[in-house]
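Down below is the structure, laid out as structure tokens.
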Amino acid sequence: MTDITGDPPDDVAPAGTALTGAAAIADIVKRLPNGPGVYRMIDAKGAVLYVGKARSLKRRVANYTRLGQSGRLTRMIQQTATMEFVSTRTETEALLLEANLIKRLRPRFNVLLRDDKSFPYILLTGDHPAPMIAKHRGARSRKGTYFGPFASAGAVGRTINALQRAFLIRSCSDAVYESRTRPCLLFQIKRCSAPCTGEISLEDYGELIKETKDFLSGRSQVVRTELAKHMEAASERLEFETAAVYRDRITALSHVSAHQGINPRTVDEADLFAIHQESGQSCIQVFFFRTGQNWGNRAYFPRADKSFAPGEVLGAFLAQFYDDKPVPRQILLSHDIEERDLLAAALSEKSDYRVEIATPQRGEKKELVDHAVANAREALGRELAESSTQKMLLTAIAERFGLTEPPRRIEVYDNSHIMGTNAVGAMIVAGPEGFVKSQYRKFNIRSEELTPGDDYAMMREVLGRRFARLVREAGPRVARASDDEAVGPWPDLVIIDGGRGQLAVAAETLAELGISDLPLIGVAKGPDRDAGREHFHVAEREPSMLPPRDPVLYFVQRLRDEAHRFVIGTHRAKRKAELARNPLDEIAGIGPTRKRALLRHFGTAKAVSRASITDLVGVEGISGEMARAIYDHFHETSA
């Protein structure tokens, strides 16, 4: 299989000097090969309009030169100035490359998967004598057994919490495990069996790990039966405290099953996708079934033109969804898709095992699909209601502050520090569909000349860096096209947390970058910092207040609070990392092994700093030269 990770194209069809639309495409078709591949339609500004794949590039692209296209295709063809293409060996390779490019380039005329976060897993580590249980995201680089995917971090957290009560598995890091001299609080509240201090033998702890794996592997009833037998045996021996422990473990397992909802009898491993369309929008509800258990569901709202049929949206969604995720052996759909066999072949080739894609027509699988469709219908109803409210709020904010049109992208800026230390700035983004968290940005304040606590200088640095980069990467700010529904790179409104002073600094910073037409609003806290009495500062206007029950007031408060939450979280993370730094980390040549040896020998970094060279040499792995380096690091003033 050739490399299909999005490398530069094999061939680029040059644009005609003055041709656009169908004429430009007809000129390009003459140079296209008959084999399979992926093509990109590009406008005069170089933006990718559409990514498609074809069994025969020449025949597929030639179709765009014919009359009678739909409104969406007509608009796309009219804007096309040139095309690029990549030849592949097979159509399945073309399908996988198409999905990869769509996710990376996000063309406006494709179906786009949004909110494409990785899914969390439960990990039972396999590189330690006493395995730990943990939540895991990302690459499976650590040795161990992975269970998932789960639909949300909350589902994983609830499951791990219940499994700790049921099986008393440790959740502490290996470093904490090695440093324990007595059991921690989790042992006292019966959430851990404390193998770290020998409260349970490693052999008995291994049995708890085996039971945990059995439960997560779908043999939950066997585990429950064994626990019930142990509980009855303890009761017969009049060991009621032991029996109560088994009773609590059985209760914890029941809690896990209760949160899983539907647990099918005939589906062992499958992902289920159901779509519902209404008012030109689509919702796809995804359910995850593993080891015969329901591990949660999540709703997606892909961006797609209203002309797309349910099967078209679902097919495009599936290819993008599995671009970077493990594929189950069975995929169940509410609607059939046009290239079902091709997609199954591509996913099978990617996974090295057979993947089945089916649209159930009867039985339990059909009932599961119908249940998912009902969930998709309800989720889309809620989304439409929220979207309608959001659009009304954006229209109202334009009216209140004299904007020419409702903003599609609002950026809110805030700073955080404590006495000038660990200073950070943050930007959050909101649009017609609510907060756009993938666009959030944080800024570590870098200026060494900045006076600690100077909020004006911090705001100047944050805005200067943000908009200098925006001008460099996105070009000058231009008027938004009337039919442009996307949240573009340039904001239509900037909100600053602060009063007239911060607003003046923001305007001055933007003016230095040649930006003078960007609406700015400063939001100053009211008297006694009361919410609801904020003063709004706009250039060339007197400060004003909004009526106490005005929805726009609540909307701006929500924006400001989200910015505050994000910047405070960023500041706390930075401060925590600063506090967690160990003085030993600053000594050249001291790695994790030597640091661990020093801490085991002396107990704390402070005790290490007071140790003599003779004492330091007595630590395993510390040579005389290294002992001198450690001693000199802590005694520089006396050197």
Side-chain angles (χ1 to χ4, degrees), residues 397-398 400-404 407-431 435-436 439-480 487-525 534-544 556 559-568 570-571 574:
I397 203 171
R400 298 291 190 282
F401 296 106
L403 306 182
T404 56
R408 291 200 59 79
R409 180 185 177 105
I410 300 175
E411 293 184 358
V412 187
Y413 292 85
D414 196 3
N415 300 320
S416 180
H417 62 91
I418 291 182
M419 302 295 290
T421 63
N422 300 310
V424 293
M427 173 193 82
I428 66 128
V429 180
F435 294 117
V436 189
Q439 302 275 337
Y440 286 16
R441 296 292 180 269
K442 57 186 177 183
F443 303 85
N444 289 316
I445 303 301
R446 300 172 181 166
S447 177
E448 297 180 358
E449 300 177 359
L450 186 146
T451 303
D454 188 343
D455 288 333
Y456 292 168
M458 290 172 61
M459 184 63 68
R460 185 185 300 278
E461 178 177 338
V462 168
L463 292 177
R465 285 165 53 188
R466 157 64 180 160
F467 284 95
R469 181 172 182 175
L470 187 59
V471 170
R472 186 170 62 250
E473 295 182 353
R477 182 170 181 259
V478 295
R480 191 177 74 232
V487 176
W490 275 94
D492 302 307
L493 174 64
V494 171
I495 297 179
I496 306 295
D497 183 38
R500 186 180 297 279
Q502 280 88 348
L503 186 69
V505 168
E508 182 182 332
T509 303
L510 296 181
E512 291 172 358
L513 296 170
I515 304 169
S516 58
D517 59 344
L518 185 57
L520 295 170
I521 298 176
V523 183
K525 299 176 179 65
E534 289 86 352
H535 286 79
F536 294 88
H537 297 265
V538 181
E540 300 179 358
R541 287 170 54 176
E542 289 297 318
S544 61
V556 175
L559 294 175
R560 184 198 59 196
D561 292 346
E562 172 67 3
H564 192 62
R565 178 201 66 78
F566 183 59
V567 75
I568 286 293
T570 302
H571 169 73
K574 185 176 181 181

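Position 1 is the first residue of the sequence, and the numbers go up from there.
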Would you say Val494 and Pro519 make side-chain contact, with heavy atoms under 4.5 Å? no

Mind checking whether Phe435 and Val429 have side chains closer than 4.5 Å, heavy atoms only? no

Between the CD atom in Gln502 and the CZ atom in Arg460, the distance rounded to the nearest 0.5 Å is 11.5 Å

Taking the side chain as every heavy atom from C-beta outward, state whether Ile445 and Val424 have any atom pair closer than 4.5 Å. no

Could you tell me which non-hydrogen atom of Asn415 sits nearest to which non-hydrogen atom of Gly425, and how far apart they are? OD1-CA, 3.4 Å

CZ of Arg465 to OG1 of Thr509: how many Å apart, nearest 0.5 Å? 13.0 Å

With heavy-atom distances below 4.5 Å as the criterion, would you say the side chains of Leu470 and Pro491 are in contact? yes

Looking at CD1 of Ile521 and CZ of Arg400, how far apart are the two atoms once the value is rounded to the nearest 0.5 Å? 12.0 Å

Mind checking the CG-CD spacing from Leu503 to Glu508? Nearest 0.5 Å is all I need. 11.5 Å

Measure the spacing between CG of Leu518 and CG of Leu510 and express it to the nearest 0.5 Å. 6.0 Å

Looking just at side-chain N and O atoms, do Glu562 and Tyr440 make a donor-acceptor pair shorter than 3.5 Å? yes

Given Leu520 and Phe401, is the side chain to side chain contact (heavy atoms under 4.5 Å, CB included) satisfied, shown in steps? CA-CA 10 Å; Leu520 295 170; Phe401 296 106; over 6 Å; no

Residues, nucleotides or ligands: over 12 heavy atoms within 6.0 Å of Glu473 CD: yes

Could you report the tightest heavy-atom contact between Phe443 and Met427, atom names first, then the distance? CE1-CB, 4.1 Å

Around atom CZ of Arg565, are there more than 12 heavy atoms from other residues, nucleotides or ligands closer than 6.0 Å? yes

Distance col, row Asp414:CG vs Arg560:CZ, nearest 0.5 angstrom, shows 9.0 Å

Within the structure provided, determine whether Ser544 and His535 are in side-chain contact (heavy-atom separation under 4.5 Å). no

Close side-chain approach of Leu403 to Asp492, heavy-atom, < 4.5 Å: no

Closest heavy-atom pair, Ala563 versus Val412, reported as atoms and distance to 0.1 Å, is CB-CG1, 3.7 Å

Looking at every heavy atom in both Ala506 and Leu463, which two are closest together, and how far apart are they? CB-CD1, 3.4 Å

For Ala474 versus Trp490, what's the shortest heavy-atom pair and its separation? CB-NE1, 4.0 Å

Please report the closest heavy-atom contact between Gly499 and His537, naming both atoms and the distance. CA-CD2, 3.7 Å

Between Glu411 and Phe467, does a side chain to side chain contact (heavy atoms under 4.5 Å, CB included) hold up when you go through it step by step? CA-CA 12 Å; Glu411 293 184 358; Phe467 284 95; 3.9 Å; yes

Hey, does Val471 have a side-chain heavy atom less than 4.5 Å from the side chain of Ile515? yes

